[in-house]
Amino acid sequence: MHLTSKGFPLFLTFDLDAETMWTARDPAYAKRPILMSQGAYGWKVGTDRVLELLRRYGLRTTFFIPGLIVEQRPALIERILQGGHEIAHHSYSHRWILNLSHDEEREEMERGFEAIKRATGQAPRGWRSPAAELSDISMQLMLEYGFDYSSNFFDDDSPYLHEVEGRRTRLIELPFRWVLDDAPFFQYSIVLPGRTMQAPSALLEAWTLELDMLHAERRMMMVGMHPQIIGQPSRLWVLEQLIQRALDKGDVWMGRCDEMVADMRPRLEGGGA
């Protein structure tokens, strides 16, 4: 039995960081136009290429977007919404949480939350941290802002309900791992860590093997991608191959995080998953 009523859950998610991938590390990078152009590729080219691929396959997915990008790119946000996709919270400016005071972290949460609420007409339901880090108040902030799900932890291959300070909550975790992220394979910049450039076939091999095993174990698969990375032509091929492999299985649900979480919640809260 799968975790959802529609089969094996395959989450195809996109972190539209754009220029904040650089400026969050050092605001002075904003004065380096070539660096900024690498981020701009995400909103100028990559996202629309991703949206067209999703449209061709009739898929609705989730985009985690910093509030700053939501405010700066209203036309792009509208195209994402017109495609039926969810916009979830990914901080305001993508600043690393461990470099923030508690007040600054709260401000990042509030400003990003309000930016998405203004753009979409509703509060975001999910939250993913920038740079995969949490502070000692991050979990409480997620509860305070009423999120349905988190996609931050690397400790499982199945969704689960969080316990915070010894108390079980209604916050569902959708865990992922670095092997399910496009950045470790393709993130190349003279100022960012990693500086890797692998063949698309390497990523395809990793993701299809992950899909096959996770599907056989009746778990879930959370794929995290960046339009400025996966939206490049050779990399988008990998995503399409993954979609086709998933469709060939006949019982895979690729959808929005909020809708899939709502479907699996009764099983998780009832202890059936």
Side-chain angles (χ1 to χ4, degrees), residues 2-4 7-17 21 50 61-65 86 88-91 94 96-98 126-135 138-139 142 147-163 171-188 192-231 235-236 238-239 241-243 245-246 249 252-258 260-261 264 268 273:
H2 286 298
L3 290 166
T4 74
F8 173 81
L10 171 56
F11 298 88
L12 303 176
T13 66
F14 303 90
D15 294 0
L16 180 53
D17 303 332
M21 185 177 288
V50 167
T61 64
T62 295
F63 286 74
F64 290 87
I65 310 179
E86 175 192 12
H89 200 319
H90 194 40
S91 82
H94 207 262
W96 285 26
I97 283 177
L98 296 185
W127 186 79
R128 176 176 287 165
S129 76
E133 293 284 1
L134 300 181
S135 78
S138 301
M139 296 301 299
M142 276 190 276
F147 289 105
D148 291 328
Y149 69 90
S150 152
S151 184
N152 294 289
F153 285 80
F154 291 56
D155 55 349
D156 210 328
D157 291 314
S158 299
Y160 60 87
L161 289 167
H162 271 291
E163 288 190 5
L171 181 66
I172 291 177
E173 179 62 34
L174 302 177
F176 72 113
R177 290 170 284 115
W178 285 126
V179 71
L180 299 176
D181 191 299
D182 59 0
F185 292 85
F186 298 136
Q187 175 79 293
Y188 189 92
L192 296 185
R195 298 181 67 176
T196 59
M197 189 81 73
Q198 297 189 43
S201 58
L203 181 60
L204 179 61
E205 180 180 3
W207 284 1
T208 53
L209 289 172
E210 289 279 337
L211 174 63
D212 289 348
M213 180 166 284
L214 293 170
H215 179 270
E217 292 181 354
R218 297 298 191 263
R219 293 179 179 269
M220 59 160 272
M221 183 171 174
M222 168 60 71
V223 182
M225 296 166 279
H226 303 77
Q228 57 263 46
I229 297 175
I230 203 69
R235 286 84 177 274
L236 198 72
V238 177
L239 177 55
Q241 295 299 307
L242 179 67
I243 290 171
R245 184 147 182 135
K249 293 185 179 298
V252 175
W253 182 11
M254 293 173 278
R256 293 166 48 128
C257 292
D258 57 348
M260 297 168 81
V261 161
M264 66 175 60
L268 292 175

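As the structure is a computational prediction, the values presented were derived from the model and not from experiment.
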Go through the structure and list residues passing ring pair (Phe, Tyr, Trp, His ring centres under 6.0 Å) with [X], not counting sequence neighbours.
X      : result
Tyr160 : His162
Phe63  : Phe14, His85
Trp96  : none
Phe176 : Phe154

Practice prompt. Kindly state each residue pair satisfying salt bridge (Lys or Arg N to Asp or Glu O under 4.0 Å) with at least one member in residues 197-210, sequence neighbours excluded.
Written response: Arg177-Glu210

Item to complete: For Gln228, enumerate each residue passing the side chain to side chain donor-acceptor pair (under 3.5 Å) test, keeping only those at least two apart in sequence or located in another chain.
Response: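 If we apply the side chain to side chain donor-acceptor pair (under 3.5 Å) test to Gln228, skipping adjacent residues, there are no hits.
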
Worksheet entry | Partners passing side chain to side chain donor-acceptor pair (under 3.5 Å) against Asp156 (at least two apart in sequence or in another chain) |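 Residues passing side chain to side chain donor-acceptor pair (under 3.5 Å) with Asp156: none at all.
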
Who passes side-chain contact (heavy atoms from CB on, under 4.5 Å) against [X], sequence neighbours left out?
X      : value
Glu217 : Met213, Arg219
Met260 : Pro9, Phe11, Trp253
Thr208 : Leu204, Arg245
Gln198 : Phe185, Ala202

Item to complete: Without swapping roles, check the side chain of Arg128 against the backbone of Ser151 for a donor-acceptor pair under 3.5 Å.
Response: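 Yes.
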
Worksheet item: Side chain of Asn152, backbone of Ser129: donor and acceptor closer than 3.5 Å?
Response: yes

Fill in: salt bridge (Lys or Arg N to Asp or Glu O under 4.0 Å) partners of Asp181, counting only residues at least two apart
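Partners of Asp181 under the salt bridge (Lys or Arg N to Asp or Glu O under 4.0 Å) test: none.
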
